[in-house]
Each structure stands twice: as structure tokens, then as C-alpha cells.
Amino acid sequence: MICKLCPRQCGALRTAEGGMGFCSLPETPLVARAMLHHWEEPCISGTRGSGAIFFSGCVLGCVFCQNGKISRERFGKPVTAARLREVMEELIAQGAHNINLVSPTPFTSAIREVLEEPLPVPVVWNTGGYERVETLRTLEGKVQIWLPDLKYADAALAKRYSGAGDYFAAASAAIREMYRQSGDYVLEDGLLRRGVVIRHLLLPGGLNNAKGVMDWVAETFRPGQVLFSLMSQYTPQPGAQGLLARRVTAGEYRAALAYMENLGITDGYRQDSSSAREEYTPDFDLSGV
């Protein structure tokens, strides 16, 4: 196929065996691991875990990515649509509260085929937020829970750290589309059945960027419409330089929390400092694939 799935719209030729363009991914999905994941927000992980399927590759180029083995090195196993459906059903049989598609955007076409027949649990679209509205519209009725990052309000920071100067324009439009499809969030017995959870990872020295993100959320949505998750788990990666070579300080996170509360953003989640631990990143070893 000629790929225009993400905002880059690079028009790369992607075949079953390989691809070019920014992501350099084949059309066939690559999966690095499938597992019951217990480290998402409580309304997604629940007590039994979220049925996470980690896809390889990414449409962003975040220099601080904690999943570099799969996002940059593209480690993963090719799976057919039929096998991908089986993986989902196996996770549900293990007790998964939902099926959590992690970084799925490059494989939207195959996933859409797999989800033609509805699953008995909600489907989560777990994304870096850099999405094309036209692509999201092809998923209407197939995804119940949207879990996008909103990494940047600052275009210069987005270009420097993720190679996407248009990030905020794309992500903010995408989140509006996600909300249009899902409507107000719905919780049942503590579990999210439908809705949008907007995540923001506070970066070292990134307080002003975080404030810009939260300003947009507060201006765009009213209480009861979306959930917001302010994350403190940034972990420096090998070779990190400058501000990215350190963790977020307690003072930075307290200031971000105070700003969030002052804006009246009360529906959602916060993390404690123990979340910034490398062991919370899964081993990508093809288990469950």
C-alpha cells in the first residue's frame, strides 16, 4: 500500500515484507509481546490486567523513548490478521479486562480487519497522540477507549525531542476526534468502558510545556468528559544529554500537580515517584505472540 496513515503522509510504499518512509515498517503487523499488563491507569489495568499487544515501530522519533528496542530497532515478529485475532482471544481467555493496542497506528489497516467482528471486551487505542483524523475515522465503532499522549504544546520542543514540529496541531485535532467517537467517559465498577484518557509525561525542565498542555485540556473539555493522567515516570535513557539526562524533580512534579488542580482538572490520575523505574518497561521477547 501507499501509506498516508499518520500526519507525516510520506506516501511510502509498504508491502507485506518491508517498507520505506519514516517508519520503515512492512504492511504486515510486527508484534514484540502480548501480555496482561498491570501498569496502566487503574481504570484500564483493573485487578486482572490489560491485554496489551505491543506493536513494533512508531510514527514519532522520541529521543527519550523507553521502548527503544521496538520503536527504533523495530524488533518484532510478523503476524497475520488471523493470528492477531487469536492473540486477542487468548488474552481475553486469560482474564484481560480489555485489549490494549500499543503503538498501533502503522498497522491500522490490518487492525481494522481484525476488529470487523466485535470483541467481548473494550478495545484500547494506546498511542503517542500523533494521529491523522482521517485515519481515526476509519476506526469508528471499533475502538471504545482512547489512550493518547499529549506530549507537547511547545512546537519547538516537539521538533527537538520527537521530530514532529506539527505535533500539537495533529494531536489536539486527533483527541477531539477521539472524544467525538467515544463521548463522555463511562466507568463501571472502577473500569473504563468507554472514553478518552489523555496522558502527559512531565519531562525534566518541561513545566511550561506541561502547563500549555493542561491549559488546552481545561479549555477544551469540561469535568466529566475526559480523564487526564499526569505522569512522573520519565527515566533517562542511555546516551541522554542535557535536561533529559536527569529525572523529574519532586519540586517540578509538585508544581505541575498544583497547576493541574488550580485549573480544575480533577478527573484522572497522578503518579508517585516510584513509577520512574526501569523495571516497569516489559521485556520484549515475543512472549504471547
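Residue numbers count from 1 along this sequence. The figures here come from the full heavy-atom set of this structure, side chains too, leaving out hydrogens, waters and symmetry mates. It should be emphasised that the depicted structure is a prediction, and the values quoted were computed from it without experimental measurement.
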Hey, mind stepping through Phe221 and Trp216 against side chain to side chain contact (heavy atoms under 4.5 Å, CB included) and telling me if it holds?
CA-CA 8 Å; Phe221 300 105; Trp216 181 82; 3.9 Å; yes
Give the intermediate values and the outcome of salt bridge (Lys or Arg N to Asp or Glu O under 4.0 Å) for residues Arg270 and Glu261.
CA-CA 11 Å; Arg270 60 180 68 187; Glu261 292 166 2; 2.5 Å; yes
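Donor-acceptor pairing under 3.5 Å is lacking for the side chains of Arg193 and Gln144. Using a 3.5 Å distance cut-off with no hydrogens or angles, the side chains of Tyr259 and Asp215 do pair a donor with an acceptor. Residues Gln181 and Glu177 have side chains that bring a donor and an acceptor to within less than 3.5 angstrom of each other. With no hydrogens or angles considered, a side-chain donor-acceptor pair links Glu41 and Ser229 at under 3.5 Å. With hydrogens and angles left out, the side-chain atoms of Gln225 and Tyr185 include no donor and acceptor closer than 3.5 Å.
Ion pair Glu86/Arg83 flagged as a salt bridge, since at least one NZ, NE, NH1 or NH2 atom sits closer than 4.0 Å to an Asp/Glu carboxylate oxygen. Contact check on Glu89 versus Arg85 returns a salt bridge, with a Lys/Arg side-chain nitrogen under 4.0 Å from an Asp/Glu carboxylate oxygen. Under a 4.0 Å N-O distance rule, the pair Glu140/Arg112 does not qualify as a salt bridge. Under 4.0 Å is where a charged nitrogen must lie from a carboxylate oxygen, and between Glu252 and Arg246 at least one such pair does.
For Thr127, the side-chain contact (heavy atoms from CB on, under 4.5 Å) partners at least two apart in sequence or on another chain are Thr105, Trp125, Glu131, Pro148, Met178.
Taking the six-membered ring where tryptophan is involved, the planes of Phe55 and Phe107 are tilted, since the angle between them lies from 30° to 60°. A tilted orientation is assigned to the rings of Tyr152 and Tyr161, their planes being inclined by 30° to 60°.
Judged by the 6.0 Å distance and 45° axis criteria, Lys69 is not positioned over the aromatic ring of Phe284. A cation-pi arrangement is absent between Arg33 and Phe54 under the rule of less than 6.0 angstrom and at most 45 degrees off the ring axis.
Judged purely by atom type and a 3.5 angstrom limit, Ser232 has no side-chain atom pairing as donor or acceptor with the backbone of Leu230.
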